[in-house]
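Quick note on labels: first sequence line is chain A, next is B, and so on, each numbered from 1.
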Amino acid sequence: MKMTEKYNPADIESKWQAKWEADGLYHADIDPSRPKYYALTMLPYPSGDLHIGHWYAMTPSDARARYLRMKGFNVMFPIGFDAFGLPAENAAIKRNIHPKDWTYANIDRMRGQLRSMGAMWDWRREAASCDQQYYYWTEWYFIQLFKNDLAYRKMSPVDFCPNCNTTLAREQVWGEDRHCERCDTPVIKKDLDQWFFRTTKYADELLDFTEIDWPDRVVAMQTNWIGRSEGASVVFYTEQGDPMEIFTTRPDTLWGATFMVLAPEHPLVDKVTTDANRKEIEAYKLQATRQDEIQRGATDKEKTGVFTGGYAINPVNQARIPIWIADYVMMGYGTGAIMAVPAHDERDFEFARKFDLEIIPVIQPAEAQCDGATMPEAYIGPGLMINSAHFDGTEVNDEKGSKNPGIKAVNNWLEEQEIGRADVSYKLRDWLISRQRYWGSPIPMINCEKCGWHPVPEDQLPVLLPDDVEWLPTGESPLKLHPTWKNTNCPECGGPAERETDTMDTFMCSSWYHLRYLSPNFDKGMFDPEEFDYWMPVDTYTGGAEHATMHLIYTRFFHKAGRDMGIIKGNEPMKQLRNQGQILGPDGQRMSKSRGNVIDPDKQVSQYGADAVRTYLMFGYRWVDGGPWKTENIQGVVRWLHRIWSVFSEPVKPGNPDPAVLKSLRRKVHQTLKQVSNDIESFEFNTIISGLMELLNEMITAKDAGAAGSPEWDEARKFYALMLAPVAPHIAEEMWTEKLGNPYSVHAQPWPKLDEVATKVDEVTLIVQVNGKLRDRITVPAHVSEQDAKQTALASEAAQRFIEGKEPRKVIYVPGRLVNIVV
RNA sequence: GCCAAAGUGGCGGAACUGGCAGACGCGCACGACUCAAACUCGUGUUCCUCCGGGAGUGUGGGUUCGAUUCCCACCUUUGGCACCA
């Protein structure tokens, strides 16, 4: 007899990976006869080393894609690289290697690592955002945005990281001390001419999530980020007659405005400031700008501010109210000016108390009486309007915007009087995309002194990045320092002109990679429309939740803008989104080189095999949560894989089993099939594995009872290999093809067919409760009548003991579950 | 402060629609195999117990014959936002 070889993952994994690849097993091509499924996982940055987090994100997604493929879908599962960005330049500076060389070397290395996952990538669709034929179309799309007035240039104060020497988008600035997301350096403000995209134009539409199935968490984060507030815009006038527009969510409190506050940077500050106050105002402004550089955000900071000496007229009652400046009013939101109603706004109240300003209540709560002189805090609840001319007595409730009768009434009146109007304000700002760095997609714009800014003519695209640059960071784009690159001719007048030397934020590149995957070599457009029509939209998108307010808003904007420009079809790029959690180091901390708690997937794979690493990551965690890597826990799946191997390898010794054993084996097989199918569809990877473990345990028991050799046993092994295929593709292939002798490949097989009848039991165990407490178990036929079930339960000796001869008041019967006797 | 999610054995976690809490696995203990160890296999493993049973899913209440599951209040943890007018 031939000795059974041991399970050696290294042998079978590389063998099958090579064969699958050579056979093009996972190529996904347009096939109108089959339903399509676009499964997408967020593309990696080519940092040079695949992280265990990539495995955690990608291999369960791969398992699900494989399952859907077996279910009959034509599944596309592509991969690529988010290949532009700062780390390449930083590495270049540190090691004097060209960012391009660094990036492509890393991509090469990571391709190998990604292959070791045994995932069903269609490598023919690979795209890297730094490829010429990719950024060609990134540039082209920029031009379309520009032509449609969705890209514009503006001088504006922007967050600038002095370490990375580039500007940052609002969402790339983190924390109370406003530091750079990459290097933790506190950012500073700089006034720069920058390119923006009009994301705000889509603010309302971005708040509509009805067409997509995304996690509540992400929907909530995007909703907060967009920050829609309903209210009114009202124009106040300074005493000199300059209009001063403010936005308020509480127009019903207009009569309680006792002062105005301007942001220190507000353009009217100089004009309203009297000579007597000018010195103090200038000092405060200076201090505010300085503080901007460090921190102006702290909430618990005591309010500061200075009186300008100027006054404004409240348009609703002609009251003359002082104008102050204070840093609690931000130039970047609304109009940078507010009316202050201290009686009904906490911040204004605090400010008024500190500077002894008047407080006039205009909302009267039901019970207490508000008195401006004595009230201990602002009142923000509902009530009736008072001190508000003919609005006195109008009801104000807790609703926001026009649902609030007080706000609605005042808004109507403001419009009639032409003082103001109902309005909406957003926290969302236009997307700043200029970066003063080299390794990014060029912004294809030309500036001519005579003709202004014009796009590079499309037949001259792409604007190529020059290879010969000095990339030492100076705060200016390295492209600006290149001796010749920026010199060109004006597309309008032909005279000498200069190229834009900033490059684009890499989020621009990653906003459309799912479209480039459709046809990475297509040269007549961003994508082949035929591919688009078949594959789009993305059916399932998986990745980290950290992109909720950045990438995931940008890509929706990109898509909607493309739709309105006639380039893209549909309203949303990705129908379903699911987030995975994070794998932490064994110490429960975030993995980092400095902590020395990094788990290297390559090492794990060489030690345990790819199937073990895949299944461990699926089994050990709730996918959405993640958690610390536990080295000893991987033993569980390793043992399981070895047991699978032996169940499939050991010679069959046919026995003479009890038919009940076979029936119960078949039941377990089909119950597991049902459970595994449900779990894999709903991203519950941990219970897929536990279900398969349970089934294997039952198979071993059945085998010991002589089941081997029976048709039930053969079906169990066949189904087992098929159910294993999505999660552990290599061992499943080995079992299917080599051990069971089925035709290659297990991954080209249809998913096994469920026999619902087989999952049903003949006999059920009912629990018998007395007053809700478990007292006994009885076995009854599955279709027992209610009466019989109750009778059997009442007759139970254990139950009788607890009934103690008392008369049952009520007997509850839940079919298949229990009988509860209430006494 | 606001928004969101989550609290279950020593640990990761399971429990369909309100119906046997702790599946599966790790760890641990004991046993078998072994000269011995590892591997492997078997048995046990929420806590208390007078061995009848009792308690138990963050805390306190409620609804219900019955609550990890539904409702109310609170506590804790994690993530996000944070003077947004």
May I have the distance from [X] (atom [atom1]) to [N] (atom [atom2]), rounded to whole angstrom?
X	N	atom1	atom2	result
A:Asp776	B:G52	CG	C1'	15 Å
A:Glu546	B:C81	CD	C1'	17 Å
A:Arg775	B:G52	CZ	C1'	10 Å
A:Asn579	B:A6	CG	P	14 Å
A:Arg228	B:C2	CZ	P	23 Å
A:Glu230	B:A85	CD	P	12 Å

Point to revise | Main-chain N/O of A:Gly581 paired to A:Asp625 side chain as donor or acceptor, under 3.5 Å | key: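 Looks like no, no N/O pair under 3.5 Å.
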
**Study point:** Chi-based syn or anti call at B:G13, which uses purine or pyrimidine torsion atoms and a 90° bound
**Key:** anti

Review point. Can B:G52 be described as syn, meaning its chi torsion is within 90° of 0, or is it anti?
Key: syn

Check your understanding: Is there a donor in the side chain of A:Thr200 and an acceptor in the side chain of A:Tyr426, or the other way round, less than 3.5 Å apart?
Key ->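 No pair is found: no donor N or O on one side chain lies under 3.5 Å from an acceptor on the other.
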
Taking the [atom1] atom of each, how far is [N] from [M], in whole Å?
N	M	atom1	answer
B:U78	B:C28	C1'	30 Å
B:C71	B:G1	C1'	26 Å
B:U68	B:C16	P	13 Å
B:G12	B:U17	P	24 Å
B:U69	B:U63	P	15 Å
B:G60	B:U76	P	16 Å
B:G62	B:A67	C1'	11 Å
B:A21	B:A14	C1'	10 Å

**Study point:** Heavy atoms of other groups near A:Lys354 NZ, more than 12 under 6.0 Å
**Key:** yes

Nucleotide of [options] approaching [X] most closely (side-chain heavy atoms):
X	options	value
A:Asp327	B:A85, B:C81, B:C83	B:C83
A:Lys773	B:G25, B:C11, B:A55	B:A55
A:Arg622	B:G54, B:A4, B:G13	B:G13
A:Asn697	B:A85, B:G53, B:G25	B:G25
A:Phe247	B:A85, B:A14, B:C3	B:A85

Check your understanding: Between A:Lys790 and A:Tyr813, is NZ or CZ placed under 6.0 angstrom from the six-membered ring centre and within 45° of the ring axis?
Key -> no

Check your understanding: Does A:Arg578 count as lying over the ring of A:Trp214, i.e. NZ or CZ under 6.0 Å from the six-ring centre, within 45 degrees of the axis?
Key -> no

Practice item. Test A:Tyr328 against A:Asp348 for side-chain hydrogen bond (donor to acceptor under 3.5 Å, both in side chains), laying out the working first. Key: CA-CA 10 Å; A:Tyr328 80 90; A:Asp348 298 345; 2.7 Å; yes

Flag the pair [X] and [Y] as a salt bridge only when some basic side-chain nitrogen lies within less than 4.0 angstrom of an acidic carboxylate oxygen.
X	Y	result
A:Glu265	A:Lys285	no
A:Arg228	A:Asp204	yes
A:Glu230	A:Lys403	no
A:Glu756	A:Lys674	yes

Review point. Is there a donor and acceptor pair closer than 3.5 Å between the side chain of A:Lys630 and the base of B:C11?
Key: no

Check for me whether the distance between the ring centres of [X] and [Y] falls short of 6.0 Å.
X	Y	answer
A:Phe685	A:Phe619	no
A:Phe507	A:Trp431	no
A:Tyr608	A:Tyr616	no

Check your understanding: Mapping A:Met221 and A:Pro628 to their closest nucleotides on RNA chain B, which lands nearer the 5' end?
Key ->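 So the residue in question is A:Pro628.
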
Exercise for review: Between A:Tyr333 and A:Asp216, just flag the one whose closest nucleotide in RNA chain B comes earlier from the 5' side.
Suggested key: A:Asp216

Check your understanding: Nearest 0.5 Å, what's the CD-CD distance between A:Gln791 and A:Glu786?
Key -> 11.5 Å

Review point. Does the side chain of A:Lys810 get closer than 4.0 angstrom to OP1 or OP2 of B:C65 through an N or O atom?
Key: yes

Check your understanding: Tell me, which stems hold RNA chain B, with a stem being 3 or more Watson-Crick or G-U pairs in a row and both distances under 3.5 Å?
Key ->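 B:1-7 with B:75-81, B:10-12 with B:24-26, B:27-32 with B:40-45, B:46-48 with B:53-55, B:58-62 with B:70-74 - these are the stems of 3 or more pairs that involve RNA chain B.
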
Practice item. Taking only heavy atoms on the protein side, list every residue of residues 632-644 of chain A lying under 4.0 Å from any atom of RNA chain B, sorted numerically. Key: A:Glu632, A:Asn633, A:Gly636, A:Arg639, A:Arg643

Review point. Reading nucleotides 18-23 of chain B from the 5' end, what letters show protein touch, with B for base, S for backbone sugar-phosphate only, - for no heavy atom under 4.0 Å?
Key: -BB--B

Exercise for review: Pick base, sugar-phosphate or nothing for A:Ser229, based on heavy-atom distances below 4.0 Å to the nucleic acid.
Suggested key: sugar-phosphate

